[in-house]
Asker: 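Before anything else, here's the structure in question.
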Amino acid sequence: LHLRGRRIATLVAGLAVLGLLTWLVADWLMNRPWSAGSSDRALLTRWAPAVAAALGSIGLAGEDEDMERSTAAPWRLVRAVHMAALAVLLAGALALTALSEPETFGAHVLVRNTEGYVGIVAAMATIFGARLSWAPLFALLAIVEVAGRGAGPASAWWTWPAQPSDVDAASWMAAALFIGGLGVYALFGARIERHPDTGSA
Amino acid sequence: MSFAAAVRMSLFVLAPAAVLFGAWQGGRERRRRVDDQLAAVAKPSWRPLVVTWAALTLGFWVGLLVVVAAGIAFVAPIATYWPPGWWAVVAVAFVGLAAMAAVGVALGRMVPSRLVGPTAAVVFYAAMIYAIDDAGQLRGVEWLAPVLSTYDAPGHVISGSMSLRQTLWFVGLVSAALTVVGARKKWPAVVPAAAAAGAAWALVAVPYDIWQPDPAAAEMVCTDDTPTVCLIRQDAFLMDEVVVQVQEAIGKFEGVRHAPDRAVQAAWFADERPAPGDLVVELDGGPTFTGGLAHADWSQLLHWNIGNDCVQPATDFVGLAEIVDLWLNDSTMDWHSPEAVTMVESLRAMPEADQRDWIGRYLEAATTCDPALVELLDELA
């Protein structure tokens with residue numbers, strides 16, 4: 001019932017399409033005559049996880065959060081397990097698309113960025129609600145894209161999505177964001193959104 | 001054409017943003033649950049759609065105008081050349097943004113998901129990036145994107161007919177997208193769709209050399225004084241700063257026979273190249289944000305173009321040119337081979353007068369590719 005309420009079927013279908021597209025694009029990038037190897041996938045490793053995290057955001061709140069929370073279920077634990085399982089599912093699916101030459105900008109970065117993004121989206125869901133939780137992530141990525149592409153490891157604290165796999169600081173940053181997001185989301189859950197006309201959630 | 005191309009390149013951010021916000025606005029009625037009410041109103045269904053698109057487009061045009069105005073404010077006071085048709089290339093940016101907004105609105109109206117905006121934005125962003133990075137290798141498909149790569153822009157222009165084809169493509173796209181999702185009868189969309197398809201075919205069928213060389217931009221502009229400094233017309237706004245650095249470099253040759261008295265810019269698209277014996281001006285670093293010279297000092301800006309054209313034995317002659325280049329440019333030791341660095345240190349260890357004598361003999365021999373050049377190497381061994 002929980003899975004159905006969180007529209008997991010939609011998520012899985014969307015993830016399958018995303019995974020297939022990511023694999024096709026990654027394959028095309030790696031096999032172009034002028035391909036420079038896995039670094040050609042850098043753009044893909046920044047944005048495919050962002051779409052995946054946005055896709056995951058649809059299940060961060062139920063259809064009627066007020067009613068759900070009134071039930072005697074250990075919601076903090078449920079939310080923590082939901083988010084952890086979501087991160088594993090998204091990261092695992094995307095990692096499968098870049099297993100050839102997984103270093104530099106491959107499976108490793110896809111997993112790292114997916115974990116970090118899921119953490120951000122989950123944390124933002126507690127502030128903006130699940131519907132708009134992807135927006136701050138996209139704003140951050142837009143800034144990284146314009147100002148942080150090609151930045152060195154010294155700026156990894158904010159350009160971590162654009163760093164290659166061997167930059168430890170980027171991995172630590174993503175891990176911290178994931179753990180932080182997990183904690184905040186498990187504690188508070190998504191902000192309850194009310195319809196402007198009816199006042200219902 | 002660099003300025004106009006830079007404006008178009010800014011669309012790699014603005015175009016996906018237009019798609020994102022267009023999709024968000026396009027799905028607004030459905031999210032607010034007023035789409036059924038609006039459908040019941042006895043007014044044409046395209047009106048609210050066109051108003052949404054027009055408001056969004058206007059907002060993005062204001063954003064782009066800020067980009068253009070800021071660029072012109074920096075460029076206009078110092079520019080020494082405006083290529084023909086630059087304004088048409090900039091104008092296409094506005095039409096392209098309108099098309100991206102229309103595509104976004106149509107997607108938002110057609111796809112009932114709040115994720116259509118971010119997903120479409122990512123797809124369009126990736127398309128823009130590859131249209132820039134892989135320009136020339138995409139069989140002309142890159143010309144369908146509103147962005148333009150700046151890499152090929154220096155010294156080149158885009159014809160007015162090309163800008164016209166892009167305008168037709170984007171206008172057709174706007175009309176077709178809005179008609180398909182806004183009008184009750186869909187068939188009129190065939191007309192703009194056919195126009196867009198025709199323009200798209202005309203764009204894709206064009207070979208990549210659509211970038212036409214602009215001889216006026218690459219024409220050399222020279223000073224009348226000695227030493228003579230020649231820069232291409234489009235970079236001539238840097239002349240005063242380059243002259244100062246050339247004079248400083250030429251000062252190193254004081255008392256040397258056959259010393260260079262001319263510095264000429266080497267631009268990849270210019271027909272006129274530096275002649276043997278000229279100091280070569282490299283402006284690869286480009287100007288700074290405010291239009292100053294990017295290179296901090298002449299050792300990064302200038303190198304010596306003598307001896308490199310000698311045929312036999314080529315490697316030794318090139319080695320010689322490298323040594324003299326190093327002697328001229330004190331601060332570039334890191335780039336060179338250890339042998340060359342050792343030899344230039346031997347040269348610098350000589351008394352000042354001997355250094356000038358050695359350089360003078362080198363210049364004399366290099367002018368005629370005299371094999372005696374090789375013997376000069378032995379003196380430094």
Side-chain angles (χ1 to χ4, degrees), chain A residues 7 10-11 13-15 17-18 21-22 24-26 28-29 32-36 39-59 61 117 121 128-139 141-147 149 193 195-198 200, chain B residues 6 9-25 27-38 63 67 104 107-108 111-139 141-142 147 151 208 289:
Chain A
R7 287 185 284 172
T10 308
L11 168 66
L15 189 57
V17 173
L18 176 65
L21 286 176
T22 306
L24 286 172
V25 175
W28 171 68
L29 291 171
R32 293 179 303 175
W34 61 92
S35 173
S39 58
D40 276 7
R41 288 187 304 219
L43 183 73
L44 204 63
T45 59
R46 288 195 293 278
W47 287 100
V51 176
L55 204 56
S57 72
I58 61 175
Y117 294 174
V121 166
F128 299 103
R131 283 167 190 259
L132 273 176
S133 57
W134 54 269
L137 169 66
F138 275 60
L141 286 179
I143 293 167
V144 171
E145 207 63 43
V146 173
R149 271 203 299 172
E193 298 168 85
H195 191 272
D197 296 333
T198 64
S200 63
Chain B
M9 196 147 165
S10 71
L11 264 62
F12 86 95
V13 174
L14 289 176
V19 173
L20 170 65
F21 287 103
W24 192 254
Q25 288 295 86
R28 184 185 51 182
E29 283 88 2
R30 190 177 48 248
R31 281 196 311 280
R32 295 288 173 185
R33 302 176 194 177
V34 294
D35 45 348
D36 288 338
Q37 287 168 292
L38 284 173
V67 172
L107 284 172
V111 184
S113 168
R114 64 174 183 269
L115 293 183
V116 65
T119 306
V122 170
V123 170
F124 274 79
Y125 177 72
M128 299 301 145
I129 291 294
Y130 291 119
I132 293 169
D133 287 352
D134 293 349
Q137 293 162 321
L138 299 173
R139 300 181 183 182
V141 174
E142 66 268 30
V147 289
Y151 307 138
Y208 184 62
F289 191 66

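The structure presented is a predicted model; accordingly, all values stated were derived computationally and were not measured. Naming: A, B, ... by sequence-line order, numbering from 1 per chain.
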Asker: Determine the minimum heavy-atom distance between A:Asp40 and B:Tyr130, stating which atoms define it.
Answerer: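 So the two residues come closest at O-OH, 3.8 Å.
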Asker: Measure distances from A:Leu55 to the heavy atoms of chain B and classify the residue's part below 4.5 Å as side chain, backbone, both or neither.
Answerer: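 Both backbone and side chain of A:Leu55 come within 4.5 Å of chain B.
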Asker: Tell me, side chain or backbone of A:Ala54 under 4.5 Å from chain B's heavy atoms, or both, or neither?
Answerer: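 When you check distances to chain B, atoms from both the backbone and side chain of A:Ala54 fall under 4.5 Å.
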Asker: Heavy-atom distance under 4.5 Å to chain B: side chain of A:Ile58, backbone, both or neither?
Answerer: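 Both backbone and side chain of A:Ile58 come within 4.5 Å of chain B.
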Asker: Look at the aromatic rings of B:Tyr125 and A:Trp47 and report parallel, tilted or perpendicular, splitting at 30° and 60°.
Answerer: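 Rings of B:Tyr125 and A:Trp47: tilted, as their planes differ by 30° to 60°.
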Asker: Which heavy atom of B:Leu115 sits nearest to which heavy atom of A:Ser57, and what is that distance?
Answerer: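 Smallest heavy-atom distance, with atoms named: CD2-OG, 4.4 Å.
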Asker: Is there a side-chain contact between B:Thr119 and A:Trp134, using heavy atoms and a 4.5 Å cut-off?
Answerer: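 No - every pair of side-chain heavy atoms lies 4.5 Å or more apart.
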Asker: Which heavy atom of B:Arg114 sits nearest to which heavy atom of A:Arg131, and what is that distance?
Answerer: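 Between these two residues, the closest heavy atoms are NE-CA, 3.2 Å.
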